[in-house]
Amino acid sequence: MDYEPKKIEQKWQKYWQKNNTFAAIDQTEKEKFYILDMFPYPSGAGLHVGHPRGYTATDFIAKMMQMKGKNVLHPMGWDAFGLPTENYAIKNKVHPEKITTKNIKHFKEQLEIMGLVYDPDREINTTDPNYYKWTQWIFLQLFKKGLAYEAEAPINFCPSCKTGLANEEVENGLCERCHTPVERKKIRQWVLKITAYADRLLEDLDQLDWPQPIKEMQRNWIGKSEGATIKFQIPNSKLQIDVFTTRPDTLFGCTYVVLAPENELINNLKPQIKNWPEVEEYTNDAKNKSELSRIEQKEKTGVKLEGVKAINPVNNEKIPVFVADYVLGDYATGAIMCVPAHDERDFEFAKKFDLPIIEVISKTAKPQQKMEEAYAENGYLINSNEFNEIKNEKAKKKIIKWLKEKNLADFTTTYKLRDWIFSRQRYWGEPIPIVHCEKCGLVPLNEKDLPLKLPHVNHYEPTGTGESPLAGISDWVNTTCPKCDGKAKRETNTMPQWAGSSWYYLRYIDPKNKQKLIDGKKEKYFMPVNLYVGGAEHAVLHLLYARFWHKVLYDLKIVSTLEPFQKLVNVGIILAPDGKKMSKSLGNVINPDALIKKYGADSFRLYEGFIGPFRERLSWDEKGIVGARRFLDRFYNLLKKEDRHENNKKIELKINQLIEKVENDIADFNFNTAISSLMEFVNLAQKNNLNKKEKEIIVKLLAPFAPHLCEEIWQEWGNKTSIFQSYWPKLDKENLRGAEITLIVQINGKTRGSLKIDANSDQKNAENAVEKDTRLSQHLGNNQKIIFVKTPQKPIAILNIIKKV
RNA sequence: GCCAGGGUGGUGGAAUCGGUAGACACGAAGGACUUAAAAUCCUUUGACGCUGAAAACGUCGUGCGGGUUCGAGUCCCGCCCCUGGUACCA
């Protein structure tokens, strides 16, 4: 009988489901292994061949770990709140809840036909009230701790999505989701104080086994800089300008000060400003500009505040004050001291406005003839009175200490990270469990009243006015205050998509718990996630938010680990055969269903692993899957061949090496080389036949990749339980090296031939072997050096004969 | 601009504590089987040279140019190109 995937695959998928073959156990002596995929957003388009790359990878590892005796938790769920579903619902006039249910069903079927069977009891769905009850519960804890607050400040607003966005959701001035230029708009918002955790989010990165680039991106996003805040007094006024700088050592070279257009101080200085109309026009212009156009504009602009001066505290010089949009309103104090001699941007601005450039740092402690560009390197102070000739790094501290005594400066630290804009003016999200009471103000709902269910309505179009569509549902909005029973209105904003995904990994551990978010004992057993696999696109969104919430939960003693995800591996994206990203609009999406129908799930899985290095981006090539299928045919036929009864040293050695190779490669995500070594072995075995024991070994080694076929063979052999309940082949560590090695003969470093010699040979033996070889022996002779090297890692030795030229 | 990763056959890729470059697979060419085709199996497949042909042999070859070494895809110096991230953060 031939290998026919259609006949066996469904059978085993049902079998695994029925027998809960891949379900983790809550209480056991076994060591746990928690392996997690970034759960998918169940979109209407379904899965393409890119998605399963990560899911099959975790499945390979999970299955091997299970066979190695671990209690493996490998769950799956649905991140289902959010805009794509809502937009689709509006367009097609179907309720998002219906669409979500349908999409999840479709996704599940797609995963199942790939042999991706998960524990159904642990499935979660962020839109399920039993789930989002706890998302809301976490929000209440954040509120009670003062980590959630209301603010009315200019924020990023996407005019297409008609909602406010977090800073993390803006890419180059465009909305991360729909690529519409983002506007600045003043809307009442809920904000989470992620900045309170900035230091911990930064420091704890060190303990994580994550890809360096991802850690670096988070570090840069948090953007900690240590420096000083310096006060510049304004003459004839009680006002002063606070500036933040990391270069207090250059203070003597500060020749002007610049305020951001958003800086409140400009309004306060209005009576003194002689050119107010000009200043007002400039600031209004800058404030209304989209972030995109502010980034695009290359040349520096600005307006001098006529009639206003600032006093440089180190030398009491009166220097001019400008407003310019190259200074950001929401970073540090929104004002800078400018040292054109030592800052490229200030240099450019000073040239344009013809401002003095004073050199205060010099590499040689001597002034340059003429400054052609800003000098931003280290050096010695000059033109800086008593600080002259001091190294600039040292001078930083000295100058601030000196000014601190006069109460004119202090050491400060600033972060790039801003608080998390958390509310969305959209329907399809978790309602925020807060009421606005006429008497009591903001009042959180009682925990026992959770979940606060999203009202089921027929109209959920975004209003675009800054209000959520929920605001129009008066019988839901009007409620009573949980505190005083008086009249109150519900908060109508909803949570962003990131809310549900910021803690889902915890709920898999205890999905049905009605009393608590998670049981403490279970949490201690299963956390942290040992291995987290997903795309790099979440480097500073999901991964930062989840770490933040986890730390809050840690402080609340709900979780016991400082970090949620111990090890992170990024899956490389799969491009369409044309080398472009797969997208519906380009029409280059490859759907796995048809491939599975044609070649079978096992071939598909095998090719997902074989296609190339897991972490790298690769183009999909449908022809490649043919090779996977051919291999499975050959594999099946090999097992059908008669058992070998005599000994075969070569096969015995190779199969032992194969166990080591496959095991290590799966653990290191080198699925491509694990599979190629299996192919190599099968090619070899075809000429030699295998005995029963060897057949058993290779079926087990292939089982994580081709579970259906291997389960079929396994149970055909009369085993009554799943192959995944059997044990992974044992490696014979003593016998990994053969009795023979290859001697590579080089002349002056160039390979001229190779011989087989005994593994224990020394140089003398090797030379003797060469001497016996008629062709190679001619190179041996006097007046030469011979280098003999044995490489411990490979079964080779090198004999390099160096001839004098 | 800055940060990170990467450039290896016709293609995907393998080999990086320096040691046979091109494993494995796709594609291609030839052959066997077949009335034929598909499937399967076998052989060949980096470029060039030498040769009637083959074996054998030689030269070159891992983005480019140098260097270290008996020996470099791998290490060092200087460039080029591609991909991702980031963008006036004071």
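Just so it is clear: chains get the letters A, B, ... in the order the sequence lines come, proteins before strands, and each one is counted from 1. Just so it is clear, the model here is predicted, and its values are computed rather than measured.
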Open item on the list: Please tell me whether A/T229 and A/T412 have a donor and an acceptor in their side chains that are separated by less than 3.5 angstrom.
Closed with: yes

Just wondering, more than 12 heavy atoms not from [X] lying within 6.0 Å of its [atom1]?
| X | atom1 | answer |
| --- | --- | --- |
| A/K396 | NZ | yes |
| A/K641 | NZ | yes |
| A/K598 | NZ | no |

TODO: For A/R219, answer base if it contacts any base atom (sugar-phosphate contacts may also be present), sugar-phosphate if it contacts only those atoms, and nothing otherwise; contact means non-hydrogen atoms under 4.0 Å.
DONE: nothing

TODO: Under 4.0 Å between any heavy atoms, over every strand shown, what does A/K623 touch: base, sugar-phosphate, or nothing? Just pick one.
DONE: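 Sugar-phosphate: the residue A/K623, judged by heavy atoms under 4.0 Å, touches backbone atoms but no base.
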
Open item on the list: Assuming nearest nucleotide by heavy-atom distance, tell me which of A/K750 and A/W221 is located more 5' along RNA chain B.
Closed with: A/K750

Task: First encountered from the 5' end of RNA chain B, between A/A335 and A/G627 - done: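 With A/G627 and A/A335 compared, the 5'-side residue is A/G627.
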
TODO: Answer yes or no for A/K300 and A/F349: cation-pi contact, defined as NZ/CZ to six-membered ring centre under 6.0 Å and angle to ring axis within 45°.
DONE: no

Quote, to the nearest angstrom, the [atom1] distance that separates [N] from [M].
| N | M | atom1 | result |
| --- | --- | --- | --- |
| B/G6 | B/C60 | C1' | 26 Å |
| B/A54 | B/U45 | P | 12 Å |
| B/U44 | B/A55 | P | 10 Å |
| B/G46 | B/A25 | P | 15 Å |
| B/G67 | B/G18 | C1' | 15 Å |
| B/A28 | B/U83 | P | 30 Å |
| B/A56 | B/U51 | C1' | 11 Å |
| B/G73 | B/A21 | P | 8 Å |

Open item on the list: Can you tell me if A/R630 touches the phosphate of B/U40, counting only side-chain N or O atoms and a distance under 4.0 Å to OP1 or OP2?
Closed with: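 Yes.
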
Open item on the list: So, OP1 or OP2 of B/A25: does either fall under 4.0 Å of a side-chain N or O from A/N683?
Closed with: yes

Task: Partners meeting side chain to side chain contact (heavy atoms under 4.5 Å, CB included) with A/A409 (sequence neighbours left out) - done: A/I230, A/I400, A/L403

- [ ] Would you please name every residue forming a side chain to side chain contact (heavy atoms under 4.5 Å, CB included) with A/P795, sequence neighbours left out?
- [x] A/I741

Please answer whether the main-chain N or O of [Y] pairs with a side-chain N or O of [X] as donor and acceptor at a distance below 3.5 Å.
| X | Y | result |
| --- | --- | --- |
| A/Y256 | A/A310 | no |
| A/S619 | A/L575 | no |
| A/D419 | A/I194 | yes |

Short N/O separations, protein against nucleotides 11-13 of chain B, under 3.5 angstrom:
residue: B/G12; atom: O2'; partner: A/I611; partner atom: O; Å: 2.9

Whole-Å distance between [N] [atom2] and [X] [atom1]?
| X | N | atom1 | atom2 | answer |
| --- | --- | --- | --- | --- |
| A/D325 | B/A90 | CG | C1' | 15 Å |
| A/I214 | B/C3 | CD1 | P | 18 Å |
| A/F614 | B/A14 | CZ | C1' | 19 Å |
| A/L259 | B/A90 | CG | C1' | 13 Å |
| A/R752 | B/G71 | CZ | P | 14 Å |
| A/N263 | B/A90 | CG | C1' | 14 Å |
| A/L543 | B/G85 | CG | P | 15 Å |
| A/N570 | B/G6 | CG | P | 14 Å |

Task: Closest contact, heavy atoms only, A/A539 versus A/Q218 - done: O-NE2, 2.8 Å

- [ ] For B/G9, decide between syn and anti, treating a glycosidic angle within 90° of 0 as syn.
- [x]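 What B/G9 shows is a syn base, its glycosidic angle lying within 90° of 0.
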
Task: A/K300 side chain, from C-beta outward: closest of B/C24, B/C70, B/C88 - done: B/C88

Task: Options B/G85, B/C26, B/A90, nucleotide nearest the side-chain atoms of A/Y331 - done: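 Ranking B/G85, B/C26, B/A90 by closest atom to the A/Y331 side chain puts B/A90 first.
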
Task: Strand RNA chain B in bracket notation, Watson-Crick/G-U under 3.5 Å with | for pairs to another chain - done: (((((((..(((......[....)))((((((.......))))))((((.......))))..(((((..]....))))))))))))....

Open item on the list: Is it the case that the ring center of A/F671 lies less than 6.0 angstrom away from the ring center of A/F610?
Closed with: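 When the ring centroids of A/F610 and A/F671 are compared, they turn out to be at least 6.0 Å apart.
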
Task: Qualifying side chain to side chain donor-acceptor pair (under 3.5 Å) pairs, either residue in residues 666-687 of chain A, two or more places apart - done: A/R634-A/N683, A/D665-A/T673

Task: nucleotides 15-22 of chain B: protein proximity per nucleotide (B base, S sugar-phosphate only, - neither; heavy atom, under 4.0 Å) - done: S-B-BBS-

Task: Rounded distance [0.5 Å steps], CD1 in A/I611 versus CG in A/L618 - done: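 Spacing of CD1 (A/I611) from CG (A/L618) equals 5.5 Å.
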
